[in-house]
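These numbers were taken from a predicted model, which means no experiment stands behind them.
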Amino acid sequence: MPQSLSMPSVRLDPRRPPPAGYYAGNLLTVIETVLDRYGDILTDEERDFGLRVRALAPDAQRLLARLLGRVSARDGAIREDSLDYAEVADIPGALAELAAGGLVERCPAMPAGAVVGLLTRPEMHRVFREVDGVRRGTKADHLERILALTPPAFCRWRVRRFVGWLRFTESAFLDLYRLLFFGDRSRDLTTFVLRDLGVHRYEPVNLSRATRQFPDRETLARFLDLTVADDDIRTLFPMRVDDHGSQDEPLREAAIADLVQRLWTRLDNRMLERRRSRALNRLGRSLEREGDFDLALACYARSTLAPARERRMRILHRLGDRHGVEQLRAEVLASPWAALETDFATRFARPFRRRPAPVEDLVLTGSAAGIEAQALAHLTAEGGIGWHLENDLPMAVFAMAYWAWLFAPLPGAFVNAFQTGPTDLYWPDFFKSREGICEDPLDGTLKPLLRTMARAKAGVANRLFSWHRFTSDVADAVMDNIPESDLRALVEIVREDLAGKRAGFPDLTVIYGPGRYEFVEVKGPGDQLQIHQRLWIEALERRGLPVRVLRYRRPDR
């Protein structure tokens with residue numbers, strides 16, 4: 001049976017420390033949840049890690065949780081004399097228990113620079129008094145001079161006589177548990193703190209083994225392999241081109257060929273296929289920048305995710321293959337993956353001119369930094385009210401209409417209680433995957449639903465918009481003054497291209513009275529409409545919704 005994951009929470013006061021055991025409780029929540037939901041697909045070693053943490057005495061659990069909250073514990077070392085937590089009654093005993101359980105290592109062999117770097121500048125002078133010049137310069141200068149004049153083993157011995165250090169030894173297992181609990185590698189235990197401070201409030205979701213992100217070990221293993229492949233691409237193609245000089249070129253070429261082979265086969269699993277195609281797009285773009293067009297084309301051809309076909313068209317055009325370009329254009333126009341792709345394929349055929357949206361030129365007074373506020377004052381000078389909402393307006397209206405779809409209990413859509421939207425929110429088959437279990441809000445009257453949801457869900461975090469901008473006052477004004485038909489049209493525009501329409505909506509929403517409103521894009525001197533902005537304006541115009549552009553020029557122009 002699905003179990004509700006409304007996890008126990010503590011209301012924290014930012015002016016006071018959390019209750020004793022708070023951090024340990026959060027760590028145990030992660031451990032217990034992963035063991036319960038994924039225990040059947042964990043290896044013995046992975047399961048043993050969770051069991052060891054769970055079996056620790058309270059003091060050791062509390063100390064471990066505090067250690068894991070320190071950034072230096074993940075990639076480096078921590079000084080033992082820095083362990084000072086009021087909630088841990090016996091720190092030496094807790095540390096000894098963690099070491100005996102293989103969770104931390106005391107004074108492990110590490111690069112001399114990392115060990116000496118634990119010292120302050122005055123401490124470096126005390127420990128390495130015989131090194132000339134240690135009194136002067138920055139800490140980095142001290143460190144460089146000590147390492148240049150002192151053998152590494154002697155450096156470590158000297159520091160160890162002064163202070164002990166420790167390192168968490170199970171980072172790989174911890175990363176796996178974080179992935180299985182949060183659904184990605186970027187989140188950590190601070191997520192609990194943000195919830196308990198009241199910074200975020202989340203929609204309750206039901207989680208169980210039946211709806212977990214990784215149904216079996218094979219899916220998890222493939223996901224981890226794709227994660228490694230993504231990391232390998234970033235290593236092989238660093239941001240700075242001159243970093244390639246440190247790589248052996250034949251080995252690098254072999255590694256790239258191996259990556260292409262690992263990413264070659266399409267996958268049936270929606271999540272895995274998306275990750276595979278994203279990695280292929282990143283690899284193809286990197287190869288394209290280096291001028292390896294043949295291999296870049298091969299990568300893009302195996303991808304099922306935009307902008308792979310756009311990149312192929314650009315490369316074929318550059319190579320003079322007009323037939324290939326036209327063939328691919330026809331494929332895109334017949335079965336587009338995204339509105340941006342259609343727009344590109346249309347514009348790429350010939351010089352393209354569009355009928356611009358209505359434009360009003362105004363003289364800029366003051367700085368261009370607050371140009372939206374200046375425009376809003378101009379528009380409401382004779383009455384009305386407006387806000388600088390940008391995409392928060394259409395996305396909030398869409399979210400109110402499709403809230404049940406956004407939080408539908410699909411397998412793999414929700415992996416933890418801190419999600420502000422499903423994992424497949426912007427995937428091409430988002431709507432198709434929910435058609436059988438959700439009623440379409442556009443089949444009935446829309447405004448009553450929008451009003452009800454705006455009140456019921458006020459303050460509940462949603463990935464599509466921010467309640468700080470789409471406040472209850474804004475929601476009421478929108479529902480009161482924008483006609484039902486226009487709100488329906490706005491929702492339909494978003495539904496037709498949810499991923500593409502999350503950016504580019506006009507800056508200002510201005511209401512002059514019932515049925516009288518407009519959306520206004522504001523441009524400062526020299527600014528041009530971006531592609532996403534142009535597509536939004538064209539979509540609004542096609543539906544007959546009022547939209548225009550205010551373009552400011554400097555007084556001397």
Side-chain angles (χ1 to χ4, degrees), residues 201-206 211 270 338-339 387 389-414 419-467 469-506 509 511 514-515 517 519 535-536 539-540 542-547:
R201 187 157 62 91
Y202 299 93
E203 178 77 1
V205 293
N206 290 325
T211 60
R270 297 165 64 227
W387 310 270
L389 298 175
E390 297 179 306
N391 274 79
D392 280 295
L393 185 279
M395 288 300 175
V397 174
F398 172 83
M400 296 304 104
Y402 280 90
W403 195 280
W405 293 59
L406 296 173
F407 292 95
L410 262 68
F414 291 93
Q419 286 180 236
T420 57
T423 56
D424 63 343
L425 178 58
Y426 297 118
W427 297 11
D429 58 353
F430 171 82
F431 293 100
K432 184 178 180 180
S433 65
R434 288 158 173 77
E435 287 176 350
I437 61 174
C438 297
E439 295 183 3
D440 194 336
L442 296 179
D443 289 342
T445 305
L446 190 60
K447 259 194 182 183
L449 173 63
L450 297 179
R451 291 184 186 278
T452 299
M453 297 304 293
R455 292 189 178 96
K457 302 302 180 181
V460 178
N462 191 295
R463 187 174 165 190
L464 290 174
F465 72 99
S466 168
W467 286 106
R469 300 179 80 176
F470 190 75
T471 64
S472 58
D473 289 341
V474 173
D476 287 341
V478 167
M479 308 309 168
D480 289 343
N481 293 283
I482 298 182
E484 160 97 12
S485 59
D486 291 10
L487 290 172
R488 179 180 295 273
L490 201 59
V491 172
E492 288 173 345
I493 292 172
V494 176
R495 166 154 186 165
E496 289 168 0
D497 182 27
L498 179 56
K501 289 300 183 287
R502 55 184 157 167
F505 192 79
T509 298
I511 292 175
Y517 73 97
F519 304 123
L535 291 177
W536 251 118
L540 293 169
R542 283 195 300 271
R543 300 280 182 156
L545 303 186
V547 60

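Taking Arg451 as the reference, Asp480 meet the side chain to side chain donor-acceptor pair (under 3.5 Å) condition, with sequence neighbours excluded. With sequence neighbours excluded, the residues that form a side-chain contact (heavy atoms from CB on, under 4.5 Å) with Glu390 are His388, Arg469, Asp507.
Residue Arg434 is tested with Asp429, Asp440, Asp424 for a side-chain hydrogen bond (donor to acceptor under 3.5 Å, both in side chains); the sole match is Asp424.
Between Asn391 and Phe465 the shortest side-chain heavy-atom distance does not fall below 4.5 Å. In this structure, the side chains of Pro409 and Phe414 stay at 4.5 Å or more apart for every pair of heavy atoms. Between Phe407 and Cys438, the closest side-chain pair of non-hydrogen atoms is not below 4.5 Å.
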Open item on the list: Working note: Glu496 + Lys501, criterion salt bridge (charged side-chain N to carboxylate O under 4.0 Å, His left out); need CA distance, chi angles, decisive distance, verdict.
Closed with: CA-CA 9 Å; Glu496 289 168 0; Lys501 289 300 183 287; over 6 Å; no
Open item on the list: Please evaluate residues Leu498 and Phe398 with respect to the criterion side-chain contact (heavy atoms from CB on, under 4.5 Å), reporting the C-alpha separation (whole Å), side-chain torsions for both, the decisive distance (0.1 Å), and the verdict.
Closed with: CA-CA 9 Å; Leu498 179 56; Phe398 172 83; 3.9 Å; yes
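Ring-plane geometry between Trp536 and Phe505 is classed as perpendicular, the angle between the planes exceeding 60 degrees on a 0 to 90 degree scale with a lower cut at 30. Classified by interplanar angle (parallel below 30°, tilted 30° to 60°, perpendicular above 60°), the ring pair Phe470/Trp467 is tilted.
Distance alone, capped at 3.5 Å, is enough to place a donor-acceptor pair between the Arg488 side chain and the Leu442 backbone. Arg502 contributes no side-chain N or O that, together with a main-chain N or O of Leu464, makes up a donor-acceptor pair within less than 3.5 Å.
The environment of CD in Glu439 is sparse: at most 12 heavy-atom neighbours from other residues, nucleotides or ligands sit within 6.0 Å.
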